Structures are given as C-alpha cells and as structure tokens.
Amino acid sequence: MNTEKEEQNEHTPVQETTLEIRLDNLEHNVNFLKSKLKENTLFMAVVKAFSYGNNHCEIAKYLEKKDLADYFAVAYASEGIELRNSGVTKPILVLHPQVAHFQEIVTYELEPTLYSYRTLEAFLDFATDKNLDSYPVHIKCNTGMNRLGFLPEQIEDVCQILSDKKQVRVRTAYSHLLASEDKNAEVYMQEQIRKFVECQQIIEKYFPYKVLYHNCNTSGILNYPQAHFDMVRSGIGMYGFGNDAEYQPNFRPITILKSLISQIHDVPKGGYVGYNFGFQAEIPTRTATISVGHADGLNRIYGKGIGFVYINGKKAPIVGNVCMDMLMVDITEIDCKEGDEVIIFDEKHTSEILAETAQTISYELITSLSRRIKRVYVE
Ligand SMILES: *Cc1c(COP(=O)(O)O)cnc(C)c1O
C-alpha cells in the first residue's frame, strides 16, 4: 500500500492509478452532518472497512487532529488495532467483535459490543479471569433488523446479568435502522425507534451511572432527527453520500479515482478487444487501455458497456470484459492521446452513479477499491 501526502497540483499529470482523497471535503461533510445535531449530541465516525476504502488510519488521524469525532467505530478488532498503532487515542467501538479477539481488544483498549448471550457470557468470563475493572462495553439491541443484538424482551435479563458485575461498565446501548434512507419504510423505522426506547427505559432502571444511547446511521441522522439520542454514527455521509438526491447537494464526495491511458488501439471492423471475444468492433473502433481492473475493485459486472469512465470530459464506455489489472474503453469519438488523464469517478461523476450502472450502491464500490491503488491525501 502506498500512501503519501502531496500538495494538490492540478497541472501535474497523473502518473499511475490514484485515489485522491480530499480531506477538506471530509471536514465539510462532517460539519454538515453535525449541523443536523443538537448541541450535546456526540458524533461517532464509522471507519470500518478501511474507512470505506479511504484508509481508516489516515481518516481517523485527520478527524482526531481536527477534533471532528468523539468516538470511532470499526467492525472488527484488527481494524481497531491498526488505529491504535497509528496513534488514535479516542474511544473505539468494535461493532462486531469475535470472542477469540477479546484479549487483543483489551490490550489495545478497544470497546466490544456484546450482542448475544454467547458474547456476553464469554466477555464476563474473560473479564473475571483477567481481573478487569469497569471495562467499557456496549449492548446491541435488535429492534427488527435481526442481524446482531438482543431482543427487547431479553434486555431486562441482560441488565440483571450485567448490573452487579464490577468487571464491566455499560458505556452505551445501541441499535440500527434497517432502511433509514427509504422514505417508504417510515412506519417500520418508527416501530424500531419505539422498541429502542423500550430498551432504553429498561436499561435506565439498572445502572446507577449514565449510559449513552445511539441509533442513527447517516440516513437516520438526516431522516429521523427525533431519534438521535445521545450520539449518532456516520460512515457514508462523511465520505460524501447522503443516499438521497434531496440531500446530495450538501455533501461533497471525498474521492477522485483517476488513471491514465496506457495505450491506444485502432481496432478494425471485425476485430476483438480483450478476453473471450468480449467485444467485437462493428465499425472501425479506437480503444484506450486503462490501468484499473477487477483486482482493483472494478468488477467484471462493469464490462460490456455497463460502466464508463471520463476522458477530457467525455464519457467512454467500457468495452469487452474487465481484465484483472486493466480495462478497455471506447474512445472513437473522443479526442485524446496516450498518457491523458482518465477519471473513473470524481465529485461530479460520482462513484454512486457508477455503482448504480451495476445495480449496486456507493458503499460496495468504494469499499472494494484495492489497497494496491495509490492513495493521495489532499488537505
Ligand atoms: C456501517 C454501520 C454504520 C454506518 O452507516 P452509514 O450508512 O455508512 O452511515 C452505522 N452503524 C452500524 C451498526 C454500522 O454497521
């Protein structure tokens, strides 16, 4: 993996496939999300999955330096360890810890979610064994997504188990909305919120100290302001997507994926391009070979005219099958030459639009971008 800081210089031609990450846009997005919060609501920055492709260490360090986040969240212990090793000091919630990683979690001062009787009992055993005192843990409530968490009817029992255990201290309790971006799902979301309040009322009876509650991801922040509770968790919004055309003008996608034309071919009528005769020229066709492939996260599904890139402002569809390390695009109608810059996505032609061509979502495309792509951070 290659990461470096560079001064942005729009006149330096791109030398290799590069993911440019605009930290100023990240800051803008966080500030926009925070403008939706009440004054005392805390902001948890979700930096799981390599910070959705942007490198969690770089993103978290920046957010911490600028004092933009109160808490970080990662999916797995390994991601939290990487954050600690790069100097991140704020609390780190592990959303989906495995029992086998409890020792590392404690060694690196990460905070586990207890989401099942199995994880709860295993952590209490571990904490007893290691003589832990008031170790911060988080209770996950399953309010209808049926992914991780205790059902509302189990919460009383969970509280009874935890309330007299000095080894742990319940820092927060949280749940997750299953379709916060879908305005047709409001009735179900309200039901989820109601169930979460039910959990909150039970938990509040059991602990003499303040437990924090949180329930909203990015779209929850935007669509359910009444359900922010004490903290919100945002991932995709920080990276520039509001999951809604109405909100999108307020967000700035933080990444530009660019490359360059490695070679140009004039393919005669009847000629093929790429593997397995994936494209045959019906008319003489000019193609450009670009150094991004399915190993970089541009899946084969984008091949055969589904996906496209931009060259000198013009749209160039992908022809034939996407290869592992490169893809070919049709430039018959585009005035360009070898070495010219290629935009796979940027602030205007976003990764969300490209993802939609393959019937997927921005989340999937950006988290798939390979770590071999060079990342450059611009402040
Ligand atoms: C990934 C995740 C988030 C972040 O969701 P966004 O839609 O990216 O804001 C929040 N909470 C939980 C539990 C998650 O798994």
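In this text, all values refer to a predicted model and were calculated from it rather than measured experimentally. Each ligand, and each atom within it, is numbered from 1 in the order the structure gives.
The nearest protein atom to atom 5 (O) of ligand 1, hydrogens excluded, is given as Asn217 CB, 3.4 Å; this is a heavy-atom distance. Atom 12 (C) of ligand 1 has its closest protein heavy atom at His176 CE1, 3.4 Å. From the protein, the heavy atom lying nearest to atom 7 (O) of ligand 1 is Tyr363 OH, 2.6 Å. When hydrogens are left out, the protein atom nearest atom 9 (O) of ligand 1 is Thr218 OG1, 2.5 Å; that is the closest non-hydrogen contact. In terms of protein heavy-atom proximity, atom 10 (C) of ligand 1 is nearest to Arg233 NE, 3.5 Å.
Between Phe241 and Phe251, the distance from one ring center to the other does not fall under 6.0 angstrom.
The ligand atoms of ligand 1 that sit less than 4.0 angstrom from a heavy atom of Tyr52 are 1 (C), 4 (C), 5 (O), 6 (P), 8 (O). Proximity to Lys48 (heavy-atom distance under 4.0 Å) selects the following atoms of ligand 1: 1 (C), 2 (C), 3 (C), 14 (C), 15 (O). Less than 4.0 angstrom separates some heavy atom of Arg147 from each of these atoms of ligand 1: 15 (O). Those atoms of ligand 1 that come under 4.0 Å of a heavy atom in Ser234, given as number and element, are 9 (O). Of all atoms in ligand 1, numbered sequentially from 1 with element shown, those under 4.0 Å from a heavy atom of Gly235 are 4 (C), 6 (P), 8 (O), 9 (O).
Remark: the backbone N or O of Tyr115 is paired with a side-chain donor or acceptor of Thr119 at under 3.5 angstrom. When atom types are taken as modelled, the side chain of Asp330 and the backbone of Thr287 share no donor-acceptor pair closer than 3.5 angstrom. A distance-only check finds a donor-acceptor pair linking the side chain of Glu64 to the backbone of Thr89 [under 3.5 Å].
The neighbour count for Met145 CE, taken as heavy atoms of other residues, nucleotides or ligands under 6.0 Å away, is above 12.
Distances between N or O atoms of Gly237 and those of ligand 1 include no value under 3.5 Å. For ligand 1, none of its N or O atoms has an N or O atom of Tyr174 under 3.5 Å away.
Residue pairs that meet the ring-ring contact (aromatic ring centres under 6.0 Å, His included) test with at least one member in residues 144-174, sequence neighbours left out, are Tyr117-Phe150, Tyr174-His214.
Distance NZ/Lys34 to OG/Ser234: 11.0 Å, rounded to 0.5 Å.
Remark: Glu79 does not engage Arg84 in a salt bridge, criterion side-chain N to carboxylate O under 4.0 Å.
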